[in-house]
**Student:** 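Take a look at the following structure, please.
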Amino acid sequence: MPELPEVETVRRGLERALPGRRIVAVSAPETEPTWLAWQAAWQAALTGRAIHAVRRRAKFLMLDLDDDLALVVHLRMTGALTVNQADEPPARFHRVALRLDNGTELRFGDMRRFGTVEVLDPAGLAARLAALGHEPLDDALDAAAVRAALGRSPRLATKAALLDQRRIAGLGNIYADESLHRAGIHPQTPVGTLTDAEIARLTVAIKEVIAGGVAHNGTTFDAEGFRDAYGNPGGNLAFLRVYHRHGQPCLTCGKDTIAQMRLAGRSTHWCPTCQPERVVSSR
DNA sequence: ATGCGCCTGGGA
DNA sequence: TCCCAGGCGCAT
């Protein structure tokens, strides 16, 4: 599922192809009534406009267009943005295509239909991004900022806090689990009980895990999984230490088995030795 | 703070 | 046939 590293990987791919291109047509398949319904409005809004830049904020992609409009895409679970030759046959879950002035198309596909594509003006874009918390790789996100962002609730599980995009934006289930493992923090640890040392480790862990994911072009599990703008899988799977590794030996301590539980509605993976549960006093 | 609904394919 | 995967908005 696309989290910050996957979205950044897509952004980097799009940046090689889109800036300077002009949109010449918008089309959706006849078999896609919901996307077809937008076709005329998007045709009017987008045709003739040039793409100036491809930006990312958390898991949002923004294509800056003429007249301060932006095409804003969120891939959610299974969305994909690809650059294709216009005469290539569409992918299985193709939803909408922007025809460009050089014979290529920017295509959006989405198996589960959770993804969103919007055309926004500056006010609309600002509103869309307003609630997002810190960008993980921002230098401004130091330990003090992590402490402030996570808060001091005595009950909120640290993993739930990491998934809350209003606190730190861009982590999803994979990189939240990986960050907690690297920091040696049990996922259920209440944020209010995190020590300064734990916050410091978590801050470094988040940055390393996210930067590693970006460096390896994102995490791809299988043939249906994440693809970059040119259809290539990412290589970060080999670097995961807990996610989807339940029942397998811990690569960090070598003596325990990765455990799995349900937390905040998500499948959660951790090593009981490397991430011991906080012993809670009964008095 | 928790759970549901959205959506679909794949696996048990 | 049922359950699971899960980002996010919304209801409870």
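Naming convention: chains lettered A, B, ... in sequence-line order (proteins, then strands); numbering from 1 in each chain.
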**Student:** Would you check if there is a donor-acceptor pair between the side chains of A:H269 and A:S267 at a distance under 3.5 Å?
**Tutor:**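 Yes.
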**Student:** Applying a 4.0 Å non-hydrogen cut-off, can you work out what A:M77 is touching in the nucleic acid: base, sugar-phosphate, or nothing?
**Tutor:**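 Touches a base.
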**Student:** Which part of the nucleic acid, if any, lies within contact of A:L75, taking any heavy atom under 4.0 Å across all strands shown: a base, the sugar-phosphate backbone alone, or nothing?
**Tutor:**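 If one applies the 4.0 Å heavy-atom cut-off, A:L75 turns out to touch nothing in the nucleic acid.
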**Student:** Going by an N to O cut-off under 4.0 Å, is there a salt bridge joining A:R11 and A:E8?
**Tutor:**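 So A:R11 pairs with A:E8 through a salt bridge.
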**Student:** Using ring-ring contact (aromatic ring centres under 6.0 Å, His included) as the criterion, list what pairs up with A:F60, not counting sequence neighbours.
**Tutor:**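 Counting only residues at least two positions away or on another chain, A:F60 forms a ring-ring contact (aromatic ring centres under 6.0 Å, His included) with A:H74.
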**Student:** Could you state the interatomic distance from CD1 (A:I185) to CG (A:L202), rounded to the nearest 0.5 Å?
**Tutor:**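 Those atoms lie 4.5 Å apart.
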**Student:** Write down the distance between CD (A:E3) and C1' (C:dC8), rounded to a whole number of angstrom.
**Tutor:**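 About 13 Å, once rounded to whole Å.
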**Student:** Atom CZ of A:F221 to atom C1' of C:dC4: distance rounded to whole Å?
**Tutor:**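 Answer to the nearest Å: 14 Å.
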**Student:** Assess the pair A:W270 and A:H181: is the distance between their ring centroids shorter than 6.0 Å?
**Tutor:**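 No.
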**Student:** Which part of the nucleic acid does A:T78 contact within heavy-atom distance under 4.0 Å: base, sugar-phosphate only, or nothing?
**Tutor:**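 Answer is nothing: A:T78 stays at 4.0 Å or more from every strand.
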**Student:** Which nucleotide wins on minimum distance to the side chain of A:S153, given the candidates C:dC8, C:dG7, B:dA1?
**Tutor:**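 Out of C:dC8, C:dG7, B:dA1, the nucleotide with an atom closest to A:S153's side chain is B:dA1.
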**Student:** Write down the distance between CG (A:L150) and P (B:dA1), rounded to a whole number of angstrom.
**Tutor:**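 Nearest whole value for this atom pair: 13 Å.
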**Student:** Is A:R166 touching bases, backbone alone, or none of the nucleic acid, heavy atoms closer than 4.0 Å?
**Tutor:**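 Since no nucleic acid heavy atom lies under 4.0 Å of A:R166, the category is nothing.
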**Student:** Can you give one letter per nucleotide of nucleotides 6-12 of chain B, going 5' to 3': B for a protein heavy atom under 4.0 Å from the base, S for sugar-phosphate only, - for none?
**Tutor:** BBBSS--
**Student:** In plain terms, say whether A:D101 and A:R21 are close enough for a salt bridge, that is, a side-chain N and a carboxylate O under 4.0 Å apart.
**Tutor:**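 Yes, this pair counts.
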